[in-house]
Amino acid sequence: MKYNPSKIEKKWQKHWEKIKINSAKDEVKGKKNFMLLVEFPYSSGNLHVGHWYTYSLSDILARYLRMTGKNVSYPIGFDAFGLPAENAAIKNNLHPSDWTKKNISYMKEQLKRIGATFDWNREVQTINPQYYKWNQWIFLKMYENGLVYRDKTKANWCPKDKTVLANEQVVNGCCERCGERVEQRNIEQWMMKITKFADELFEGVNQLDWPRPAKIAQRNWIGKSDGFLINFSVENINDKIEVFTTRADTIFGATYLVLSPEHPMVEKITSDGRRQAIKKYIQEAKRKTDLERQQEINNKTGIFTGSYAINPANRKKIPIWIADYVLSSYGTGAIMAVPAHDQRDWDFAKKFGLEIIPVIQPKDEELPRNKPFLGEGQLINSGSFSGLENKIAMEKISLFISGKKSTDYRLRDWIISRQRYWGTPIPMIFCSKCGWLPEKEKNLPIKLPDLKNYLPTDEGKSPLDRAENWKNIKCPNCNEPAERETDTMDTFVDSSWYFLRYADPKNKNKFADNKKIKKWMPIPLYVGGSEHNTMHLIYSRFIIKALNYMGYLDFDEPFLARRAHGMILGPDNQKMSKSKGNVIDPDEEVKKSGADSIRMYFGFIGPFSQGGSWNPQGLNGISRFLNRIWNFYQEQIQEGQKPISKKDEEEIKKSLHLSIKKIGEDIENLEFNTAISSLMECLNSWQKVEGKFKKIDLENFLRILSPLAPHMAEELWQAMGNKKSIHLEKWPKYSEKIISRKNFDLVIQVNGKVRSKSPTPIGISEDEAKKLAFEDGKIKKLISDKKIKKIIFIKDKLINIVVG
RNA sequence: GCCGGGGUGGCGGAAUUGGUAGACGCGCACGACUCAAAAUCGUGUGAAGCAAUUCAUGCGGGUUCGAUUCCCGCCCCCGGCACCA
């Protein structure tokens, strides 16, 4: 019989579903629970090659973990709300609901075709009211606990998508999704207080088993800085300006202060003659977008207020300026400028002719003339502190000027309001008498009304504003007419806790039952892309910390371990895109080569964390390998082959057991490429032997093949006469004794260069090794007329003769 | 600019408590089978050289008996961040 994947794969997929190898009970006696989490797909379209890559390789791990005796759940769901899905629907002229549902049902088919053992009983869809009810519930609880608030802030407004974007969603001053230039608008928004957890989010990273780049990205995004708050009194005005600085050591070099245009003291310290000009400057600054500000990095603008402050370190009178390179949202919105030791202050001082006083002398070099000195050194021009190392002087100086220790973060609160249709309604009510009121918990879910006209509005109002019947209600407090909030939630809210729901997806009374959460959470391993290093991962960590803070969870980090997958590029080594015409259609490929080939090919392409480019010839090689396995088993299953010798038998066992060890270790480490090459080595050595193999060896080979090529393994397994599925089998144990080497090639080096090798039994002594080396013809010639200086012997590896 | 990841044959990639560089696969070449081709199987395959041997892990130094692996100084590619005081 010939290997025909299309004939066998569907059959087994149905069978597995029937016998439920993929659905995990909440508890199995004697087995440890393990929820293998992989990022759920976003339903703006169908699955592309990248999804197939991630899902099929994670499935290899899921199947392997089951075989090692764990109670594994490998759940999946669909992230279906949000702006990109809505935009795609509009483009395709379909209602977002119809569009996403259509995508979901197609994606489900695709997911089954890979042969992935997803735990369908736990499926989660974020557009299900029974799901987003808990978005609303979490929102209300956070509101009650002061973690959600409403504020009028300068928000990023995308004029094309007609909605506010979170800071994280703005890329180079443009909308991350559509590329349109983002404007600044002052809008009242619902905000989540992620900054409350800034320090926990920062410190919590340390204990996580995450890829280094992901950890660093988190820390950078949070941007923790330790520094001091220092007061500068203002001349002739009975008031002070507080600045935040991380460089208290340089305060003797502070030659001016700068306030952000939004600073509350601006009005008070503006001298009468300058009022007009300053007003104009502030207005202009407000109009600027982030992009324009960024373009000014090397050409700073600013204006003198006419007032002076007193430097508390040396009592010197220094001018106070206003400039928009100082951000109102960071620190105190005011800085002390030390142009001699800060690039930005240097640029500003040079442009406006302000004084530059160096206060740090570099150790072994001259102070640079045309740029600030940013390194460490000895203090100069610093009163009684001169001569100290600048780092050591920090604390002392801050004490002297009575600075207060303070820590600041780059992280900003999370704006979650979106003026778009396709999202979770925010469960708040506005009454002109009573103000903002939360919706009652018993009324949840507040369902998203079915709107015919769901297109965004131009004036920045949510389309839900048109749902008059839905919007207009009675105030729950005074019973007078009131209105619902018509904004919807950022879709990142949906995806920041979805994994909790996997523990108990149908629960009507809670986002998930406590006991069930305890059984599955926190997530031991989360597989996903590095594009989520900041947003998704930080939001999820935040929501979990918030639920923990409010007493709903007893852990505060959702993902103990995280592994990132690489990207699959087109055959031309470029990112796949329709415009480049290098897109590989995974469905076509499965049809042609079968799911097993595709899975194995993805595994073989390179390290999981690296990805690689699609190469049709490489896929061919894998199909060829699977064919070789198939044909080998067809021969073995046939009767009438002669028995094999004892020596051959040993070799067969040895290569098998080496593979059992190697493949197990490699799959655990997500190193599928080397796992597969080890399987190839095993078959290569097997095919050198002729005759009838032992049943146990043939079966063990299929067992270790089964996570990688599940359909073929099952087919051959059953063809050998087994009735129970191979995917209920245990991972075979290898024997140390069988894989241990008895002989090895002793490497003989002269001056560190390999000159000869000699087959040698394991464990020989240095003296024996020396003897072997000196008797070696090649070595004799090389060292005959030279003096031996030294001999280095590495047990069971090499001997190195150093001659002069 | 700052932060991160990477650079090994014609290609994807193996190998690190410093110890045989190039496992495994692709491609290529030759051979077998075939009327022929495809498929399959076998042999070879880093470069130079008839050979002994020499050179070779981005470049230049260093440490070491020995460096893809450690240290110093550069170059290039990819990704992220970007006035955060």
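Quick note on labels: first sequence line is chain A, next is B, and so on, each numbered from 1. Computed from a predicted structure; not experimentally measured.
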Atom pairs and distances, donor-acceptor, side-chain atoms in residues 615-626 of chain A, under 3.5 Å, two or more places apart:
from: A/N615; atom 1: OD1; to: A/Q617; atom 2: N; distance (Å): 2.9
from: A/S623; atom 1: OG; to: A/S597; atom 2: OG; distance (Å): 3.2
from: A/S623; atom 1: OG; to: A/L619; atom 2: O; distance (Å): 3.4

Table please: side-chain donor-acceptor pairs of residues 256-263 of chain A below 3.5 Å, with sequence neighbours left out.
from: A/Y256; atom 1: OH; to: A/D345; atom 2: O; distance (Å): 2.9
from: A/S260; atom 1: OG; to: A/H263; atom 2: N; distance (Å): 3.4
from: A/H263; atom 1: ND1; to: A/M265; atom 2: N; distance (Å): 3.1

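For the OP1/OP2 pair of B/rC81 and a distance below 4.0 Å, the side-chain nitrogens and oxygens of A/R410 include no atom meeting the criterion. Applying the 4.0 Å criterion to OP1 and OP2 of B/rU54, one finds that A/R755 has a side-chain N or O inside that range. Here A/Q610 reaches the OP1 or OP2 of B/rG13: one of its side-chain N or O atoms lies under 4.0 Å away. Side-chain nitrogen and oxygen atoms of A/N673 include at least one within less than 4.0 Å of the OP1 or OP2 phosphate oxygen of B/rA14. Taking 4.0 angstrom as the limit, A/N620 places none of its side-chain polar atoms (N or O) nearer than this to OP1 or OP2 of B/rG27.
Straight-line distance from the CD atom of A/Q574 to the P atom of B/rG79: 10 Å, rounded to whole Å. Atoms CD1 (A/I222) and C1' (B/rA82) sit 17 Å apart, rounded to a whole Å. Spacing between atom CD of A/E690 and atom P of B/rC41 amounts to 14 Å, rounded to whole angstrom units. A/I676 has its CD1 atom 14 Å from the C1' atom of B/rA14, to the nearest Å. Here B/rA82 presents its P atom at 12 Å from CG of A/L411, a figure rounded to the nearest Å.
Rounded to whole Å, the P atom of B/rG80 lies 26 Å from the corresponding atom of B/rC74. Using atom C1' as the reference point in both B/rU69 and B/rU63, the two lie 14 Å apart (nearest Å). Distance check on atom C1': B/rA67 versus B/rA21 gives 11 Å, rounded to whole Å. Remark: the separation of the C1' atoms in B/rC76 and B/rA38 is 43 Å, to the nearest Å. B/rG44 sits 27 Å from B/rC55 when the P atoms are compared, rounded to a whole Å. Across B/rC2 and B/rA48, the matching P atoms stand 42 Å from one another, rounded to whole Å. B/rG46 and B/rG12: their C1' atoms are spaced 16 Å apart (whole Å). As rounded to the nearest Å, B/rU45 and B/rC11 have C1' atoms that lie 14 Å from one another.
The side chain of A/F604 has B/rC24 as its nearest neighbour among B/rC24, B/rA85, B/rC26. In the set B/rA14, B/rU20, B/rC24, the nucleotide with an atom closest to the side chain of A/V754 is B/rU20. In this structure, of B/rA82, B/rA14, B/rG4, it is B/rA14 that holds the atom nearest to the side chain of A/T674. The side chain of A/I216 lies closest to B/rG4, out of B/rU20, B/rG4, B/rG25. The side chain of A/P213 has B/rG4 as its nearest neighbour among B/rC83, B/rA85, B/rG4. Taking every side-chain heavy atom of A/K797 into account, B/rG19 is the closest of B/rU20, B/rC83, B/rG19. In the set B/rG25, B/rC83, B/rA23, the nucleotide with an atom closest to the side chain of A/Y325 is B/rC83. Side-chain proximity of A/P607 to B/rG4, B/rA85, B/rA14: nearest is B/rA14. The side chain of A/R624 sits closest to B/rC26 out of B/rC24, B/rU53, B/rC26. Comparing B/rG27, B/rA23, B/rG4 by their closest approach to the side chain of A/S677 singles out B/rA23.
The aromatic rings of A/F701 and A/W686 lie tilted to each other, with the angle between the two planes from 30° to 60°. Between A/F352 and A/W321, the ring-plane angle classifies as tilted under the 30° and 60° cut-offs. Between A/F348 and A/Y325, the angle of the ring planes lies from 30° to 60°, which puts this pair in the tilted group. Between A/F672 and A/F608, the ring-plane angle classifies as perpendicular under the 30° and 60° cut-offs. Note: A/Y330 and A/F244 have perpendicular aromatic rings, judged against thresholds of 30 and 60 degrees for the angle between ring planes.
Applying the side-chain contact (heavy atoms from CB on, under 4.5 Å) rule to A/D767 yields the partners A/S765, A/K770; only residues at least two apart in sequence or on another chain are considered.
Side-chain polar atoms of A/H341 and A/T250 form no donor-acceptor pair below 3.5 angstrom. Side-chain contact, A/D408 with A/S225: no donor N or O sits under 3.5 Å from an acceptor N or O. For A/Q343 and A/D347, the side-chain atoms include at least one donor-acceptor pair closer than 3.5 Å. Looking only at atom types and distance, the side chain of A/R628 has a donor-acceptor partner in the side chain of A/N684 under 3.5 Å away.
A/N533 comes within 4.0 angstrom of nothing in the nucleic acid, heavy atoms only. A/G223 comes within contact range of no nucleotide atom at all, as no heavy-atom separation falls under 4.0 Å. No engagement by A/V258 is indicated, since no non-hydrogen atom pair under 4.0 Å with the nucleic acid exists.
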Where protein sits on nucleotides 60-74 of chain B, one letter per nucleotide: B base, S sugar-phosphate only, - none, heavy atoms under 4.0 Å: -----BS--------

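For B/rC30, the paired nucleotide is B/rG42, the pair qualifying as Watson-Crick or G-U wobble because both relevant distances are below 3.5 Å. The partner of B/rC2 is B/rG80, by the rule that a Watson-Crick or G-U pair needs both atom distances under 3.5 Å. When both distances must be under 3.5 Å, the Watson-Crick or G-U wobble mate of B/rA67 does not exist. Pair assignment for B/rU53: B/rA48, on the basis of Watson-Crick or G-U wobble contacts that are both within less than 3.5 Å. Using Watson-Crick or G-U wobble geometry with both donor-acceptor distances under 3.5 Å, B/rC35 finds no partner in any strand shown. Judged by Watson-Crick or G-U wobble contacts below 3.5 Å, the nucleotide B/rG73 has B/rC59 as its partner.
Closest-nucleotide positions on RNA chain B for A/Y409 and A/I622 were compared, and the one nearer the 5' end corresponds to A/I622.
Not a single donor-acceptor pair under 3.5 Å links the side chain of A/R741 to the backbone N or O of A/I762.
Against RNA chain B, the stretch residues 331-341 of chain A makes heavy-atom approaches under 4.0 Å through A/I335.
Other residues, nucleotides and ligands contribute more than 12 heavy atoms inside 6.0 Å of the NZ atom of A/K351. Within 6.0 Å of NZ in A/K654 there are more than 12 heavy atoms belonging to other residues, nucleotides or ligands.
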Please produce a list of atom pairs where a protein N or O lies less than 3.5 Å from an N or O of nucleotides 7-9 of chain B.
none

